[in-house]
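Take a look at the structure set out below.
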Amino acid sequence: MANVNIRMDDATKTQFDAFCNEVGLSVSAVFNMFAKRVVKEQRIPFDITTEVPNAETRAALREVEYMQKHPELFKSYRDAHEMFEDILNEEV
């Protein structure tokens, strides 16, 4: 195993350390992931972000949580066929 020294300004290092902690990876693991992907793809390959879900996604997540807490209020089906059969047989 080889050691690699990387120089960067203090502010960037502090922010990078915080990011790595936030995504649950060590700085070393992130640089190893990056290096392996660069070698494999022969390009600068990917973005790792901490994007916050948009309002629509947050609303959908809240809806799913509500449905999980109150399953008695919602129909559930084993598969799509069963669901469509139920929908087509509903009285209007």
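Note that the numbering runs from 1 along the sequence shown for the chain.
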Would [X] end up clustered with [Y] when hydrophobic side chains under 4.5 Å apart are linked, directly or stepwise?
X: F84; Y: F74; result: no
X: F19; Y: M33; result: yes
X: V39; Y: F31; result: no
X: F34; Y: I6; result: yes
X: L73; Y: L61; result: no

Heavy-atom closest contact (E41 atom, R43 atom, distance):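 That would be OE1-NH2, 2.8 Å.
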K13 bridged to D17 by N-O distance under 4.0 Å: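 Salt bridge flag = yes for D17 with K13.
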SB check K75 E90 (cutoff 4.0 Å):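 E90 and K75: salt-bridged.
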Over 12 non-hydrogen atoms of neighbours within 6.0 angstrom of CG in D10: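 Check fails, neighbour count at 12 or below.
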Side chains of I44 and R37 in contact at under 4.5 Å (non-hydrogen atoms):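 I44 does not reach R37 side chain to side chain.
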[atom1] of [X] to [atom2] of [Y]: how many Å apart, nearest 0.5 Å?
X: E65; Y: K69; atom1: CD; atom2: NZ; result: 6.0 Å
X: M8; Y: Q15; atom1: CE; atom2: CD; result: 11.0 Å
X: Y77; Y: D79; atom1: OH; atom2: CG; result: 11.0 Å
X: D9; Y: T14; atom1: CG; atom2: OG1; result: 8.5 Å

Whether H70 and Y66 hold their rings parallel, tilted or perpendicular, with breakpoints at 30° and 60°: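 Taking Y66 first and then H70, their aromatic rings sit tilted (interplane angle of 30° to 60°).
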Exam field: side chain E82 to backbone R78, donor-acceptor pair closer than 3.5 Å: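 Confirmed, E82 side chain pairs with R78 backbone.
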Working for side-chain contact (heavy atoms from CB on, under 4.5 Å), residues V30 and F16: CA-CA 10 Å; V30 172; F16 188 65; 3.7 Å; yes
